[in-house]
Amino acid sequence: MAHKDIEALLPFYVNGTLDEHEHAEVRQAIEQSAALRQDVEALALIREEMQANTPTNEAAELGLARLMRSIEQESQPTPANDTARAPLRISPIVGGAVAAMVALAFYAGTGFAPEKPEYIQASGDEMAATLTVRFQPDVQQHAVAAALLELGLVIVDGPSARGFYRLKPLDESELDTLAETVRAQSSVFEFVEIPQ
Amino acid sequence: MISKISKRDKKAFEDFYRAMERPLYGFIFLKLNDSHQASDLLHDVFIEVWKGAGRFEGRSSVKTWVFGIAYRKVIDVYRRSGKVETMADVPEMADESPTAEETLVSSERATHVRACIEELKPDHRVAIELAFFEDFSYRQISDVIGSPEGTVKTRVYHAKKLLLRCVSARLNSGVV
């Protein structure tokens with residue numbers, strides 16, 4: 001095997017996926033070359049660093065909930081007016097933890113964009129009492145949950161393909177004031193808008 | 001498990017998600033560097049698994065099949081955003097690979113490795129990430145990206161050289 005071919009196989013020697021014959025050839029070459037041994041050591045460290053820093057999905061469970069909701073919807077006929085999307089109304093007094101669980105369970109849905117709703121609510125005016133938001137890309141799930149609880153908001157749709165969510169306030173009065181309060185939490189919310 | 005999923009077994013699908021979500025998300029996120037976009041694309045990958053499980057023929061492993069779906073979706077995103085580059089031939093150069101000693105001694109090694117991987121061309125980067133993050137063989141990488149094994153070896157060869165050279169250069173220049 002040519003030296004270049006041996007070099008090309010070094011990463012696979014390091015990750016242990018060569019077949020027996022290839023492994024033996026590469027090992028023999030390594031034993032005869034200090035440069036190859038150094039490459040192997042360096043590659044092993046790079047692999048170790050890469051595996052130690054594999055990104056994790058903070059919202060893995062929410063992703064599963066969204067997925068299961070999608071396949072459930074797929075198996076059901078689509079109604080003209082999607083009443084299943086009507087927001088839950090939960091009193092904050094009932095319990096913050098319950099509200100958070102329900103809110104987070106609604107991290108689901110098919111795409112929507114703030115400027116172009118893709119479906120019509122049964123009541124026809126639900127958009128009027130919602131906020132469209134996008135969370136900061138690096139915000140933690142617990143920070144989102146805390147903010148929603150504090151502000152009395154539940155997620156009723158999203159994320160869209162562009163990462164937008166629609167939030168419904170438990171108290172629908174003073175939506176403008178609420179939007180300002182939400183905007184002030186800039187560590188959590190990247191974008192806040194009242195749909196027209 | 002795929003056979004069960006093809007028969008609309010939701011429990012099997014949930015188990016499959018739990019087994020594959022982490023490596024797939026890591027693979028996608030590293031390409032897109034956007035958690036929202038990565039989550040959306042991950043969702044699309046699993047939906048395709050749900051819809052396409054019946055078409056899985058077993059010619060490759062399930063893992064490479066699913067990574068192949070993810071890879072093609074990432075390429076679609078790249079195309080839409082104009083990120084796809086045609087892989088230019090890497091000119092042959094004298095071997096300036098660093099010694100292991102040069103590469104090893106750094107407390108900021110992870111930062112350097114990360115930065116250097118991000119500098120690789122997409123083709124090189126995918127090959128080396130699949131080899132090192134997922135411990136795929138070159139045959140499996142060939143299945144995932146749909147390129148011949150020889151092409152995979154060439155890309156990994158160049159990626160390895162560029163990576164070692166980049167890490168060495170960063171260490172020597174004191175870049176943090």
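Every chain is numbered from 1, with letters handed out A, B, ... down the list of sequences.
Counting heavy atoms from C-beta on, the side chains of B:F132 and A:I46 come closer than 4.5 Å. Using a 4.5 Å heavy-atom cutoff, the side chains of A:L18 and B:Y138 are in contact. In this structure the side chain of A:I71 never reaches within 4.5 angstrom of the side chain of B:F46, judged on heavy atoms. A 4.5 Å side-chain heavy-atom check between A:R66 and B:D40 finds at least one atom pair inside the cut-off. For the pair B:F13/A:L67, a side-chain contact is recorded, criterion being any heavy-atom separation below 4.5 Å from C-beta on.
By a heavy-atom distance cut of under 4.5 Å, not one residue of residues 179-188 of chain A is near chain B.
For a residue to count as touching a neighbouring chain, one of its non-hydrogen atoms must lie under 4.5 Å from one of that chain's; by this rule A:Q136 touches chain B with the backbone only. When heavy atoms are compared at a cutoff of 4.5 Å, B:F133 approaches chain A by way of both its backbone and its side chain. Proximity to chain B is limited to the side chain of A:M68, based on heavy atoms less than 4.5 angstrom apart. Interface remark: B:Q140 contributes no atoms to any contact with chain A (heavy atom separation under 4.5 Å). In this structure, chain A has a heavy atom under 4.5 Å from the side chain of B:F29, while its backbone stays farther away. Of the atoms belonging to B:S39, heavy atoms from both backbone and side chain fall under 4.5 Å from chain A. Heavy atoms closer than 4.5 Å to chain A are found in the side chain of B:L42, but not in its backbone.
B:D135 and A:Q51 form a side-chain donor-acceptor contact under 3.5 Å, judged by distance and modelled atom types alone.
Under a cut-off of 6.0 angstrom, the local environment of CD in B:E149 is crowded, with over 12 non-hydrogen atoms contributed by other residues, nucleotides or ligands. For NZ of B:K63, the number of neighbouring non-hydrogen atoms (other residues, nucleotides, ligands) closer than 6.0 Å is greater than 12.
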(request) Just do the side chain to side chain contact (heavy atoms under 4.5 Å, CB included) check on A:E49 and B:H112 with the steps written out, would you? (result) CA-CA 10 Å; A:E49 294 293 352; B:H112 294 313; over 6 Å; no
(message) Could you walk me through whether B:R139 and A:E22 satisfy the salt bridge (Lys or Arg N to Asp or Glu O under 4.0 Å) test, starting with their C-alpha distance in whole Å, then the side-chain angles of each, then the deciding distance to 0.1 Å, before giving a yes or no?
(response) CA-CA 13 Å; B:R139 294 180 184 89; A:E22 291 168 330; 3.4 Å; yes
(request) Output, in order, the C-alpha distance, side-chain angles, deciding distance and verdict of side chain to side chain contact (heavy atoms under 4.5 Å, CB included) for B:K153 and A:L9. (result) CA-CA 7 Å; B:K153 287 181 190 171; A:L9 292 181; 4.0 Å; yes
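What you find for B:V113 and A:M50 is that their closest heavy atoms are CG1-CG, 3.9 Å. Taking all atoms of both residues into account, the shortest heavy-atom contact from B:I141 to A:F12 is CD1-CE2, 3.7 Å. The shortest heavy-atom contact between A:P137 and B:S35 is O-OG, 2.9 Å. Of all heavy-atom pairs between A:P11 and B:V156, the closest is CG-CG1, 3.2 Å.
Using a cutoff of 4.0 Å between basic side-chain nitrogens and carboxylate oxygens, B:R18 and A:E61 are scored as salt-bridged. Ion pairing between a basic and an acidic side chain is recognised when a charged N comes within 4.0 Å of a carboxylate O; B:R8 and A:E72 show no such pairing. One finds a salt bridge joining A:D39 and B:K160 here, because a Lys/Arg side-chain nitrogen approaches an Asp/Glu carboxylate oxygen to under 4.0 Å.
To the nearest 0.5 Å, atom CD of residue B:E21 and atom OG1 of residue A:T56 are 8.5 Å apart.
Judged purely by atom type and a 3.5 angstrom limit, B:H36 uses its side chain to pair as donor or acceptor with the backbone of A:F135. At least one donor-acceptor pair closer than 3.5 Å links the side chain of A:N15 to the backbone N or O of B:F136.
Ranked by heavy-atom pairs under 4.5 Å with chain B, the first of A:D19, A:V40, A:T17 is A:T17.
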